[in-house]
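Reading through the structure tokens given below for one structure.
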Amino acid sequence: MIFKKEHELLRKTVRDFVEREMATYPDEVDEVGSLPKEVIAKLVKHKFISTIIPKEYGGAGADYVSYTIVMEEISRRCASTGTYITAASSLVALPLVNFGTKEQKEKYLRPLAEGKYIGCFGLTEPGAGSDAGAGQTIAIDKGDYYELNGRKCFITNAPICDFAIISAMTDKSKGTKGISTFIVESKWEGFSHGAHENKMGIRGTETSDIILENVRVPKENLLGKVGQGFKIMLNTLDYGRIGVAAQALGVAQGALDEAIKYVKERVQFNKPLAKFQNTQFTIADMATKVQAARLLVYDAAEKKDNGQVPGLESAMAKYYAAEIANEVAYKALQLHGGYGFIKDYPIERIYRDARILSIYEGTSQVQQMVIAGHVIK
Ligand SMILES: Cc1cc2nc3c(=O)[nH]c(=O)nc-3n(C[C@H](O)[C@H](O)[C@H](O)COP(=O)(O)OP(=O)(O)OC[C@H]3O[C@@H](n4cnc5c(N)ncnc54)[C@H](O)[C@@H]3O)c2cc1C
């Protein structure tokens with residue numbers, strides 16, 4: 001890939017930020033279970049949270065290649081921070097940018113860009129994961145407002161959110177055409193969240209249920225039109241996947257970095273591990289797959305910047321980058337031997353963090369379904 005000068009400059013800026021602000025921090029957030037407010041404030045200040053939010057609403061107004069660079073470089077050091085950024089950007093900002101009214105953008109998108117609000121995206125339910133159209137959350141039109149009842153699960157940032165983008169059924173008889181999307185503030189009566197999930201990886205992000213009990217949502221908080229909810233979800237995920245794909249690429253590169261560092265230092269049989277051909281071939285295989293993922297991810301981002309809808313490309317990028325992030329993290333840990341299993345080395349955390357990548361924002365199997373849908377006609 002040949003990057004424009006502005007993109008190379010951005011990459012350097014993000015790398016410097018990571019070196020300066022995030023040295024020992026991934027292990028701390030993994031231990032504590034949340035991101036420090038000061039770091040979130042700095043991410044906001046550098047507009048790393050708001051890369052794709054238009055300038056007129058306080059964002060960086062940058063392109064998707066820039067967003068991908070931010071996601072790759074931050075996730076290379078800390079996958080939890082990557083999740084925080086992609087949840088805010090891809091899942092919350094994106095539907096507001098694409099479907100929000102001017103008033104909704106002023107009220108929710110601007111404070112999101114300025115770090116005054118934290119948002120979350122509530123789609124998944126206990127009975128509706130991959131089958132996202134099967135949600136049971138209901139919105140009843142009560143004249144002046146909608147009344148929402150239901151339960152969402154596994155929602156990133158739910159315990160700390162100021163508002164949530166919630167999909168709910170407005171007309172059951174119409175199936176997926178009966179789903180609508182709402183902006184629901186967490187301070188409204190009837191909105192609560194469940195316990196912070198005790199997760200295997202990305203432990204620096206906060207994940208919980210959202211419980212909605214007779215929540216009164218004003219009519220002006222309907223996002224898009226009635227019945228447009230499924231379309232909003234598909235649109236959000238088609239573009240949003242680029243963020244997770246870039247996160248997976250960063251995690252894979254981070255695992256490769258650790259492996260290369262370790263095999264040059266560790267001596268067995270009087271040689272550094274890097275001198276064994278098996279090590280070299282393993283590293284060569286890992287590096288090639290990381291680069292293949294990089295080309296897929298930036299291709300999807302470039303297509304989006306050129307005005308195309310990269311539904312196929314973003315699914316391929318997300319699928320491949322997530323799978324190889326797991327494979328590369330596995331091999332990197334193997335190259336660490338017993339030390340890889342001990343928390344003193346970052347590879348143990350990276351290995352755990354990588355595991356979510358092939359599950360959320362559409363499992364690898366869902367990506368395969370999307371890809372097959374495009375290529376088998
Ligand atoms: C840490 C974390 C953060 C998350 N953040 C959010 C968030 O912010 N907002 C949100 O809305 N959701 C979020 N999710 C939910 C996530 O997107 C879902 O967990 C995911 O889509 C899978 O759904 P499920 O867990 O119900 O698995 P299921 O859909 O039950 O899948 C179980 C298995 O069956 C497979 N499968 C299912 N259907 C098919 C099929 N038709 N063909 C072949 N295989 C199939 C799956 O690939 C998987 O391997 C998060 C989840 C986690 C764990």
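Throughout, numbering of the chain's residues begins at 1 and tracks the sequence. Counting starts at 1 for both ligands and their atoms, following the listed order.
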Nearest protein heavy atom to [atom], by residue and atom, and its distance?
{"atom": "atom 9 (N) of ligand 1", "value": "F121 O, 2.8 Å"}
{"atom": "atom 45 (C) of ligand 1", "value": "Q365 CB, 4.4 Å"}
{"atom": "atom 3 (C) of ligand 1", "value": "T156 OG1, 3.4 Å"}
{"atom": "atom 12 (N) of ligand 1", "value": "T124 OG1, 2.7 Å"}
{"atom": "atom 23 (O) of ligand 1", "value": "G129 CA, 3.3 Å"}
{"atom": "atom 42 (N) of ligand 1", "value": "M369 SD, 3.8 Å"}

Does [X] come within less than 4.0 Å of [Y], counting only side-chain N to carboxylate O?
{"X": "D27", "Y": "R349", "result": "yes"}
{"X": "K303", "Y": "D299", "result": "yes"}
{"X": "R76", "Y": "D257", "result": "yes"}
{"X": "D162", "Y": "K187", "result": "no"}
{"X": "E114", "Y": "K116", "result": "yes"}

One residue to check: [X]. Relative to ligand 1, which of side chain, backbone, both or neither has a non-hydrogen atom less than 4.0 Å away?
{"X": "E361", "value": "backbone"}
{"X": "K152", "value": "neither"}
{"X": "I356", "value": "side chain"}

Using only atom types and a distance under 3.5 Å, with no angle test, would you say the side chain of [X] pairs donor to acceptor with the backbone of [Y]?
{"X": "Q367", "Y": "E361", "result": "yes"}
{"X": "S75", "Y": "C78", "result": "no"}
{"X": "K318", "Y": "A245", "result": "no"}

Report yes if [X] has an N/O atom closer than 3.5 Å to an N/O atom of ligand 1; otherwise report no.
{"X": "L123", "answer": "yes"}
{"X": "T363", "answer": "yes"}
{"X": "Y360", "answer": "no"}
{"X": "D131", "answer": "no"}
{"X": "F154", "answer": "yes"}
{"X": "S130", "answer": "yes"}

Could you check whether the rings of Y262 and H336 sit parallel, tilted or perpendicular, using 30° and 60° as the cut-offs? parallel

Is [atom] in close reach of the protein, with a heavy atom under 4.0 Å away?
{"atom": "atom 6 (C) of ligand 1", "result": "yes"}
{"atom": "atom 20 (C) of ligand 1", "result": "yes"}
{"atom": "atom 49 (O) of ligand 1", "result": "yes"}
{"atom": "atom 33 (C) of ligand 1", "result": "no"}

R216 atom CZ, over 12 foreign heavy atoms within 6.0 Å: no

Nearest heavy-atom approach of T288 to A284 is OG1-O, 2.7 Å

Side-chain contact test, heavy atoms from C-beta onward, threshold under 4.5 Å: evaluate it for V14 versus I74 and give yes or no. yes

If we only consider heavy atoms of Q368, is any one of them less than 4.0 Å away from an atom in ligand 1? no

Set out, in order, the CA-CA distance, both residues' side-chain angles and the distance that settles salt bridge (charged side-chain N to carboxylate O under 4.0 Å, His left out) for K5 and E8, then state yes or no. CA-CA 5 Å; K5 232 187 174 88; E8 280 173 6; 5.8 Å; no

Heavy-atom contacts with K199 under 4.0 Å: which atoms of ligand 1 show up? List them by number with element. 1 (C)

